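Keep in mind it's a predicted model, so treat the numbers as computed, not measured. No hydrogens, no waters, no symmetry mates; every other heavy atom, side chains included, goes into these values.
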Amino acid sequence: MGMALLAGLLASCLVAEQPGVPAEIEALSVEPGDHAVTLTWNRSAGALSYTAFLIRENGELRDGGLNCTVSDPDTTCVLSGIPHGVAVSFAVYAQGSPDGEYSEICAPARTHDFRPVIMTTCLTVSAEIVLTAAPRRPEQVTAGLVLGEVVVFWDAVAGGDTIAATYEVRAVEDSTKRCGDTTTLAGTDQRRSCLVDGLVDGVPYTFRVFGRNGLVQGPLSAASAPVIRLGPPGAPDSVLAEVGNGQVTVSWAPPALDGGLPITRYKAYATADTLKSCATTGTRTCVIPGLTNGVAYTFAVKATNGRGAGPASAASPPVTPTAAVIDVPGAPTGVTAVPGHAEVLVSWTAPAANGGSVITGYKAYAVSDTAKSCEATGPACTIYGLTNGAAYTFVARAINAAGSGPLSLPSAPATPTSPPAWTVRTSGTANTLKAVATSGSVFVAVGDSGTVLTSPNGTTWTLRNSGSDAALGGVANGGGVWAVVGADGTILTSSDNGMNWTPRKSGTTNPLAAVVRADSQWVAVGAAGTILTSPDAATWTVRTSGTANALNGVAWSPPSSSGKGQWVAVGAAGTIVTSADGITWTSRLSPTPNAYNAVAWAGTAFVAVGANFSPHEYASADGITWTARTTGAGATTALYGVAWMGNQLLIVGSGGTVLGSSTASRGSAPLTVLNGNQYGAAGNSSLWVVVGANGSLATSSP
C-alpha cells in the first residue's frame, strides 16, 4: 500500500465508529504455475468494502503496492503479480464509509516509523505460502528390464523455478500401474528412474512421466517405447485327448501370452494322477502311456519358459482308454529319393490306414542293400554311406504299437554324386571374414577390424578402405546400394560397388549381426533384440522386436497366395520373431531352446541353422511352424551361415564344414571340408563363395 493510503489509515484512527478487523485470512494459489493467489476472509461488521494486499515478502514488510478491492458482502479477491519461490503473507482492511472509516490499525502518533507497528499489531495477517511454477516436461523417457523387472528412466531438468519436487510414472495402458521418485535434484540435469510394480507378465506397456511442485503438476512426457515384463507363460488352451489302448494322445493350443520369452517346454498330465504325464520341447502334442482301460480321465497342460512354469490349462473333456483291437499300419505310398553326396533323402506319404493305432515311426531301406537304412517319426529321412555313381531304389514301411507294416512300392532310381571341388583363393587379409554377398556381378566380403573386400568374379579380391575399425558382421545389396553392419551399431553404405563407403547413423550402439534388403526396404538385426529398418540404407529407425535376446539373422519370403511376404529374424535361446512389414514383430514358438546363427529363404521354405546341438537345421514354409531336419553334420558341429542360389542350398560351419543340397525341401549333405571355421556363403549363377576364419576364402561351381 502506498504512503497516501497509510496516511489515510492513520487518520481513520480518530473515527469513532470503525468497521471490525477482517479475520481468518486464507491465501491459496489460483492455478498451477500462475503468479496469483485467491484471498478469503470473514466479514467485518460495518464494512462496505475490503482491500487485500501483500504485506510481507520473505519476512520483510512491503509497501502494499500489490492489492485488490471488493465490496461487501464479497470476501474473496484474486491478487496477481506474486513472485514464485518466495514466502509471502497477506492482510485485509475494511472501509466503513465512502469518506474513509477504516478498520482499526492502532497506529502511534509518530509517522516516520509507523509501518512496523501498523502491520504487526492490529491487522490480521495470513499464513505464509510459497507459489511454485509448473515443472518442465520430462524428456527421453525409456523403459527397460532390470533383473526381469520393468524400470522407467527419464531426464529430469533442474534450474530456476522449474525444478520438480517429485515425479510420477504412469502406464498408458493402465494408469493404476505407477511409481514415483522424490529424490531432490542437485541443480544439474539428472537421469532418474523408478521400478513399476504390479505389471502383468508378457503384456506390453508404455509409460509417461510428469513432475509435480506441491499442487502444481507439470506436463506429461512423450510415451516410452513398449516394454514387456518377463514372466512365466500363460495357460495353454483347447486341451484335447485322443484315446488309445491304455494311453491317450494329448494336444493343445499355445498360451495367449508367452511371458515375453520363448516357450521351451510343455508338460501334459492326468488331473487325477499327475505321475501319468508326458513332455515336449517343441510340438504341442504327446502321448501319455500307462493308463487304465475303462477309466475316465481328464488332462491339463502347463507351459514353461526361461522364467518358470505357468499355470495349468483348463482340463480337457473326459476320455476313456479302451483295449481296441489294432493291426499293423498299411504301406506308405509315393516314395521318392533325392540324391546328394554319398546319401539320398527318402520321402513318402503316410499310409491311408494306421491299423487302429497311432503310427509311431517309419523305416526306409535301399532295396539292393537293406543295411543302408534310416528311421524317422515323420515322412522323410536321409540314408548315408551310399556309393557315389551307383543307382539305388528305396522302400519304406510304417510302424505302430502292433508292429511294422508292409513295404511300400520302390522309388524311382536315384544316383548319389560326388561334390564339386573347392578352390582356395587369396583374400589379402588375415582378419576373420564373417559374411559375403553378391549383386550377381560383384561379390563383397566383410569381417573383423573394418575389413571390406570386393571382387568382380569371386576369384581375385581387392581390399577396400571402409573408414571403420569395427568388427563387421553382415553385408547385403539392393537398389544399387551396398550396406554393411557391425559392432557398436556401425552401418556403412556404398553406391559404387564397394570401392568407397559412407558411415550412417543407426540410432543404436548395440552390435549389429545381419542386414537384408527386400520388399523395398532394409532390415538390420543385432544384440538385445535390436531391429532397424530403412527405406534407403541411409536413414534408420529402431523398431520394437518384443525380445531382449540377440538376433543373429534375418530373411524375407516373397508374397504367398495371401498376397503378403514374411520377414523372419532368429537368434539366441531359440528366438524366432516374424513380421509382415518389418515394423511390427511377433514372437513365435521355437522347436529348440538353442541359438540360431543364421536364416535364409530357400525358394519354398525358410531354413535356420544353429550351433552345438542336433539337429542343426530347421525349416518352415511360413516362418511360424518349424520342423527339424537332418544335416549329416556331427553333434558338436556349429553351423554359422546359410545361403540359397536359385536351385541349391549351402550351409557353412565350424571346422571348415560346408553342407549342400540340390533342394531346399530337404536336409543338407556334406560336400567337403575346408580349413578353419566358415561363417558366410553367397552364390550367383556360376559360382559359390565361402568365407571364414583368418581371411579364408574359397570358390566352387554350383
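- Within the 4.5 Å cutoff, the side chain of Val78 has no heavy atoms near those of the Cys68 side chain.
- The closest side-chain heavy-atom distance from Ile82 to Ile129 is not below 4.5 Å.
- For the atom pair Trp567 CH2 and Thr584 OG1, the distance stands at 14.0 Å (nearest 0.5 Å).
- Inter-residue side-chain proximity for Val209 and Val169 is flagged as met; some heavy-atom pair is nearer than 4.5 Å.
- In this structure, Glu149 places its CD atom where more than 12 heavy-atom neighbours from other residues, nucleotides or ligands lie under 6.0 Å away.
- Under the side-chain contact (heavy atoms from CB on, under 4.5 Å) rule, Val150 has a single partner from Leu145, Leu195, Ile228, which is Leu145.
- To the nearest 0.5 Å, atoms CH2 (Trp540) and CD1 (Ile491) are separated by 4.5 Å.
- Applying the side chain to side chain donor-acceptor pair (under 3.5 Å) criterion to Ser193, with sequence neighbours excluded, gives no partner residue.
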| field | Stepwise side-chain contact (heavy atoms from CB on, under 4.5 Å) test for Phe53 and Ile55 | value | CA-CA 6 Å; Phe53 56 94; Ile55 190 169; 4.0 Å; yes

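- With hydrogens and angles left out, the side-chain atoms of Thr490 and Asp488 include no donor and acceptor closer than 3.5 Å.
- A search for ring-ring contact (aromatic ring centres under 6.0 Å, His included) contacts involving Trp252 returns Tyr266, not counting sequence neighbours.
- With sequence neighbours excluded, the residues that form a side-chain contact (heavy atoms from CB on, under 4.5 Å) with Asn510 are Thr508, Ala527, Ala528, Thr530.
- Evaluation of the salt bridge (Lys or Arg N to Asp or Glu O under 4.0 Å) test over residues 576-595, restricted to residues two or more places apart or in two chains, returns none.
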| query | Going through the distances and angles, do Ser466 and Val484 end up as a side-chain contact (heavy atoms from CB on, under 4.5 Å)? | reply | CA-CA 10 Å; Ser466 69; Val484 172; over 6 Å; no

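- Looking at residues two or more places apart in sequence or on another chain, you find a ring-ring contact (aromatic ring centres under 6.0 Å, His included) between Trp154 and Tyr167.
- A perpendicular orientation is assigned to the rings of Trp601 and Phe606, their planes being inclined by more than 60° (bins at 30° and 60°).
- Side-chain contact between Trp482 and Asn497 is present, with heavy atoms from C-beta onward closer than 4.5 Å.
- Of the residues Tyr618, Trp626, Tyr596, the one that meets the side-chain hydrogen bond (donor to acceptor under 3.5 Å, both in side chains) test with Ser590 is Tyr596.
- Side chains of Thr502 and Asn500: a donor-acceptor N/O pair is absent below 3.5 angstrom, by distance only.
- For the residue pair Arg191 and Thr142, a side-chain donor N or O sits within less than 3.5 Å of a side-chain acceptor on the partner.
- The distance from atom OG1 of Thr625 to atom CZ of Arg284, rounded to the nearest 0.5 Å, is 6.5 Å.
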| task | Decide side-chain contact (heavy atoms from CB on, under 4.5 Å) for Arg208 and Val141; before the verdict, give the C-alpha distance in whole Å, the side-chain angles of both, and the deciding distance to 0.1 Å. | result | CA-CA 7 Å; Arg208 303 180 76 179; Val141 178; over 6 Å; no

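- Test Val485, Val452, Leu433, Leu512 against Leu472 for side-chain contact (heavy atoms from CB on, under 4.5 Å) and you get one pass: Val452.
- Residues Ser221 and Glu139 bring no donor and acceptor atom of their side chains to less than 3.5 Å of each other.
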| request: For the pair Val203 and Glu173, evaluate side-chain contact (heavy atoms from CB on, under 4.5 Å) and give the outcome as yes or no after the intermediate values. | output: CA-CA 10 Å; Val203 174; Glu173 295 76 12; over 6 Å; no

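- Residues Ile531 and Trp585 have side chains in contact (heavy-atom distance under 4.5 Å, counting atoms from C-beta outward).
- Remark: Ser557 engages no residue in a side chain to side chain donor-acceptor pair (under 3.5 Å) (not counting sequence neighbours).
- From Thr264, atom OG1 reaches atom CG of Leu589 across 9.5 Å, with rounding to the nearest 0.5 Å.
- The shortest distance between side-chain heavy atoms of Phe210 and Arg170 falls below 4.5 Å.
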